[in-house]
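Every number for a ligand or one of its atoms is a count from 1 in the order of the listing.
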Amino acid sequence: MRTLTRPRDPVMLPPDAIPKRADRDPPPPSRKHLSFDPLIRTVFERAQLLRDTRDGDYSIADAVMSAIAMFSLKDPSLLAFQGRRNDHNMKNLYRIGQVPSDTQMRTILDPISPASLRPMFNDVFRQLQRGGVLKPYIFHEDCYLLSIDGTQYFSSKNVHCDSCLQKKNKKTGEITYSHQMLGAVLVHPDCKQVIPLAPEPIVKQDGDCKNDCERNASKRLLTQIREEHPNLKLIVVEDGLASNAPHIQLLKRLRLHFILGAKPDDHEHLFDQAIQAAEEGRDTTITWTDPKNPDVLCEIRFVENLALNKTYPNLRVNFLQYIEYGPDGHERKKFSWVTDLPITEDNAQHLVRGGRARWKVENETFNTMKNQGYNFEHNYGHGKINLSVVLAMLMMLTFLLDQTQELCCPLFQAVHKKYTSRRSVWDHLRSHFRHFKFESMQRLYEVMLNDLAKELPPPTFASRRFESNPEFHQRI
Ligand SMILES: [Zn+2]
């Protein structure tokens, strides 16, 4: 395979040619209906609609809201959460009539269809749309960036269910069971928060190998997103696994734009065409020096209307490449994409930023859920049918509620600022939740923000007073 050479006849762009989104749009205004209490009411109303065919003491809504409360409070296990069964705040803050026991929770949640939880995500998303909160996320010509990627959140050699993925060790024959999930989040390079849409579980289907599972999950996910949001203008950003012809054809059928990673090993013909175009002067090259490090030269190359590969010569894509050269002239970073969006000298830098924002599904979503208090990889219970998937989806829903508050609720933002880290916020939240009684999460946040807990009666005394005196309860 031939390799690209150093820049040739570059178009020079000033480093600040593309203004950052933050320079162009004011931050979103406060929207009361996007704070915790109205959001949890929305989720609760949807949970009440879940079909319940059982006869039991606890409703499905109780079990679903209990799981959300457990993830919202960042309890590390179902057992830890069970210590809250008699906490009055469960009713006021999470609308739980009665918290089921851990065994009952698992039994009620196991048969729930993961797809039946999707409307909860859509309800929150519509609230965000109605509130105009998504406007700063518009990235390019009225389109949002939708970053999609898969992640594994469970692995075991012993615990497994009907939908576990299976991998057999060729030497020992030992089977490893796992669960993966395809996440889809709205991102913007200048926005810290991400907006998760309902994820799609990657589960075993008869006769499928792992790659088929991921490909099928992606087909289900994108089709559902288009059904649920028929008019949403989206640019899908994905890694190199997605830049294959059947997937691109699916994206086109669903009216989804795309910026997909492309690797030379997978796309030899495509890269050869790009090199030939460069040699014949048919490509465009833009270079500039990194304003933070003048020794680093940045370069974008692009060429339009290339065949994706030899098998699909009529499937035409535009090729976009970003390279960084170190002081010694050697390449130190290199990313390539294929896209259906027209590339110009004016928008090439912008599109590169869009392609690179794909990382936000890994860094700002999965890594946050794995490492910042959400315990995404903990086993809260596996079940026999869907429990593992249902719990993972409800954790993602809780993450959406938290991201929405971070984005839209000034009170929540002030609490975060005061306690600096997410972990510290969750620690103080749990402590307040355990020791005092509140009529709303808003009141709990106000107490956290203003250190009002010090002025409240001692915990044991307080709980007695709360039990017997509803008026006192009103004050908190
Ligand atoms: Zn399983």
How about Glu141 and His257: does a side-chain donor come under 3.5 Å of a side-chain acceptor?
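Absent: no donor and acceptor within the cut-off.
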I'd like to know: is the Zn ion (ligand 1) within the 2.8 Å range of an N/O/S atom from Cys164, strictly under that distance?
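It does: Cys164 brings an N, O or S atom closer than 2.8 Å to the Zn ion (ligand 1).
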I'd like the atom name of the N/O/S atom in His382 lying closest to the Zn ion (ligand 1).
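Relative to the Zn ion (ligand 1), the closest nitrogen, oxygen or sulfur of His382 carries the name NE2.
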Determine which of the N, O or S atoms in His179 is closest to the Zn ion (ligand 1) and give its atom name.
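Answer by atom name: NE2.
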What about the rings of Tyr374 and Phe366, do their centers lie closer together than 6.0 Å?
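So the answer is no for these two rings.
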Stepwise side chain to side chain donor-acceptor pair (under 3.5 Å) test for Tyr380 and Asn375
CA-CA 9 Å; Tyr380 286 88; Asn375 308 310; 3.3 Å; yes
For Asp75 and Arg84, what are the C-alpha separation, side-chain angles and deciding distance, and is it a salt bridge (charged side-chain N to carboxylate O under 4.0 Å, His left out)?
CA-CA 10 Å; Asp75 281 330; Arg84 307 183 187 282; 2.7 Å; yes
